[in-house]
Asker: 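One structure coming up, written as structure tokens, with questions to follow.
All values derive from a computational prediction rather than experimental measurement. For the single chain, residues carry numbers from 1 onward in sequence order.
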Amino acid sequence: MRIGMGYDVHRLVEGRDLILGGVTIPYEKGLLGHSDADVIVHAIMDALLGAAALGDIGKHFPDTDPKYKGISSIKLLQHVGKLIEDHLYVIGNIDATIIAQRPKLAPYREQMMQNVADVLHISRDQVNIKATTEEGLGFTGSGEGISAQAICILMPVSNYQYVDVLQEDRPCAGCGGCTKNK
């Protein structure tokens, strides 16, 4: 089992869409960044990459590369999911927190979790996204920015075994003479 932790923060500015977990949220400000600046997806990507010892999002998607300008972070997460699969890991679960004074995120959390699960080809119940405030303290509390934290568990594929589930009337593959109910 491998555990990864991710963190991201972006400044709130006027003239940008606010995108969190792949959901465009109505708000007067959006997050400033080279991509769509989706802090929760960035934190999740860093957690996954960290657990697999594959670096961080800056290594894979540098903000100096024009091909990532304005790109959807969900597309980047899809690429990270493929890297995780290619390195023979299975995602156990993802738990993430968005820290923002405003806007209220409860109405959007379910869609965020579904978006992450869908792009990573995992079950919805393997993803949890929470939101909290900092009670008016710090840069998130004053509304200057939004931050996010994520943690995940990866398991090497080698931890899984193939199990032949026998049907009631079918002989097992081992000796051919026994059945499940004998």
Side-chain angles (χ1 to χ4, degrees), residues 1-12 16-25 30-100 105 107-131 145-165:
M1 178 181 332
R2 299 178 67 122
I3 298 170
M5 184 267 177
Y7 174 81
D8 196 39
V9 60
H10 284 277
R11 177 182 303 277
L12 280 165
R16 296 264 307 194
D17 286 337
L18 178 59
I19 301 170
L20 295 170
V23 177
T24 302
I25 298 168
L31 294 168
L32 181 63
H34 187 68
S35 66
D36 63 7
D38 188 334
V39 291
I40 193 66
V41 173
H42 291 186
I44 290 169
M45 288 190 292
D46 266 345
L48 292 167
L49 290 167
L54 295 173
D56 60 18
I57 61 174
K59 173 184 173 183
H60 294 273
F61 316 110
D63 64 6
T64 55
D65 191 332
K67 74 180 172 185
Y68 301 119
K69 178 97 173 120
I71 194 167
S72 164
S73 295
I74 289 289
K75 283 189 171 285
L76 301 179
L77 180 61
Q78 184 176 28
H79 179 77
V80 169
K82 176 84 170 89
L83 283 172
I84 297 302
E85 288 175 15
D86 290 349
H87 283 82
L88 302 177
Y89 289 107
V90 174
I91 298 169
N93 76 302
I94 297 167
D95 186 31
T97 305
I98 301 168
I99 301 125
L105 300 175
Y108 310 102
R109 287 177 42 247
E110 191 60 43
Q111 186 61 56
M112 291 180 205
M113 292 181 279
Q114 191 64 57
N115 289 348
V116 170
D118 287 349
V119 78
L120 292 174
H121 308 290
I122 59 177
S123 172
R124 166 45 204 95
D125 67 359
Q126 290 174 270
V127 180
N128 189 53
I129 296 177
K130 310 175 288 292
I146 295 177
S147 67
Q149 300 176 6
I151 191 166
C152 72
I153 292 178
L154 296 183
M155 294 162 289
V157 171
S158 62
N159 285 0
Y160 289 88
Q161 294 179 355
Y162 172 76
V163 178
D164 186 15
V165 179

Asker: For the backbone of Val127 and the side chain of Arg124, can you confirm whether one donor and one acceptor N or O come within less than 3.5 Å of each other?
Answerer: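 Side chain of Arg124 to backbone of Val127: a pair is present.
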
Asker: Answer yes or no: does atom CZ of Arg2 have more than 12 heavy-atom neighbours from other residues, nucleotides or ligands under 6.0 Å?
Answerer: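 Result for CZ/Arg2: enclosed.
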
Asker: Count the heavy atoms of every other residue, nucleotide or ligand shown that sit under 6.0 Å from NZ of Lys75, and state whether that count exceeds 12.
Answerer: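 Not more than 12 within 6.0 Å, no.
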
Asker: Please check this pair: side chain of Asp65 against backbone of Tyr68, looking for a donor-acceptor N/O pair closer than 3.5 Å.
Answerer: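 Side chain of Asp65 to backbone of Tyr68: no pair is present.
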
Asker: Go through the structure and list residues passing side-chain contact (heavy atoms from CB on, under 4.5 Å) with Leu32, not counting sequence neighbours.
Answerer: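 side-chain contact (heavy atoms from CB on, under 4.5 Å) list for Leu32, sorted by chain: Val13.
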
Asker: Write down the atom of Ala43, the atom of Ala148, and the distance for their closest heavy-atom approach.
Answerer: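 Of all heavy-atom pairs spanning Ala43 and Ala148, the closest is CB-O, 3.7 Å.
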
Asker: Do Ile146 and His10 have side chains that approach each other closer than 4.5 Å (heavy atoms only, starting at C-beta)?
Answerer: no

Asker: Identify the two heavy atoms, one from Leu49 and one from Asp56, that lie closest to each other, and give their separation to 0.1 Å.
Answerer: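 Here Leu49 and Asp56 meet closest at CD1-C, 3.6 Å.
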
Asker: Is a donor from one side chain sitting under 3.5 angstrom from an acceptor on the other, for His34 and Asp63?
Answerer: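 No.
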
Asker: Decide yes or no for Ile57 and Leu76: does some side-chain heavy atom of the first lie under 4.5 Å from some side-chain heavy atom of the second?
Answerer: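 Side-chain contact under 4.5 Å: no.
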
Asker: Taking His60 for its side chain and Leu54 for its backbone only, find out whether a donor-acceptor pair lies under 3.5 Å.
Answerer: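 Yes, because the side chain of His60 sits within donor-acceptor range (under 3.5 Å) of the backbone of Leu54.
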
Asker: What's the separation between atom CG in Asp38 and atom CG in Leu18, rounded to the nearest 0.5 Å?
Answerer: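 Those atoms lie 8.5 Å apart.
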
Asker: Nearest heavy-atom pair of Ile94 and Cys152: which atoms, and what distance?
Answerer: CG1-CB, 4.0 Å

Asker: Are Val39 and Val9 packed together at the side-chain level, in the sense that at least one heavy-atom pair is separated by less than 4.5 angstrom?
Answerer: no

Asker: More than 12 foreign heavy atoms under 6.0 Å from CD of Glu110: is that the case here?
Answerer: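 Count over threshold, so yes.
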
Asker: Looking at side-chain heavy atoms only, is the closest gap between Ile84 and Val90 below 4.5 Å?
Answerer: no

Asker: Would a 4.5 Å heavy-atom cut-off, applied to side chains only, mark Met1 and Leu154 as touching?
Answerer: no

Asker: Counting distance only, does the side-chain N/O of Arg16 pair as donor-acceptor with the main-chain N or O of Leu31 below 3.5 Å?
Answerer: yes

Asker: How long is the gap from NE2 on His87 to CG on Leu48, to the nearest 0.5 Å?
Answerer: 13.5 Å

Asker: So how far is it from Ile19 CD1 to Met112 CE, rounded to the nearest 0.5 Å?
Answerer: 11.0 Å

Asker: For a 4.5 angstrom cut-off between non-hydrogen side-chain atoms, does Gln114 reach Asp118?
Answerer: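 Sidechains of Asp118 and Gln114: in contact.
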
Asker: Which heavy atom of Tyr89 sits nearest to which heavy atom of Val157, and what is that distance?
Answerer: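 Closest approach of Tyr89 to Val157: N-CG2, 4.0 Å.
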
Asker: Output the distance between atom CD (Gln149) and atom OG1 (Thr97), rounded to the nearest 0.5 Å.
Answerer: 6.5 Å

Asker: What is the distance from atom CE of Met155 to atom CG of Leu88, rounded to the nearest 0.5 Å?
Answerer: 13.5 Å

Asker: Could you tell me if the side chain of His42 sits less than 4.5 Å from the side chain of Ser35, heavy atoms only?
Answerer: yes

Asker: Can you tell if the side chain of Ser147 reaches within under 4.5 Å of the side chain of Tyr7, non-hydrogen atoms only?
Answerer: yes

Asker: So, does Asn93 use its side chain to make a donor-acceptor pair with the main chain of Gln126 at under 3.5 Å?
Answerer: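 Checking the backbone N and O of Gln126 against the side chain of Asn93, no donor-acceptor pair under 3.5 Å is found.
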
Asker: If every non-hydrogen atom of Val116 is compared with every non-hydrogen atom of Ile44, which pair is closest and at what distance?
Answerer: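 Looking at all heavy atoms of both residues, the shortest contact is CG2-CD1, 4.0 Å.
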
Asker: Under 3.5 Å, side chain of Asn128 to main-chain N/O of Asp95, donor-acceptor pair present?
Answerer: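 It does not hold such a pair.
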
Asker: Can you name the nearest heavy-atom pair linking Leu77 to Met45, along with the distance?
Answerer: N-SD, 3.5 Å

Asker: With no hydrogens and no angle check, do the side chains of Asp36 and Ser73 hold a donor and an acceptor under 3.5 Å apart?
Answerer: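 Per modelled atom types, Asp36 and Ser73 side chains form a pair under 3.5 Å.
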
Asker: Find the distance between OG1 (Thr24) and CD (Gln111) and round it off to the nearest 0.5 Å.
Answerer: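 Reported to 0.5 Å precision, the distance equals 11.0 Å.
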
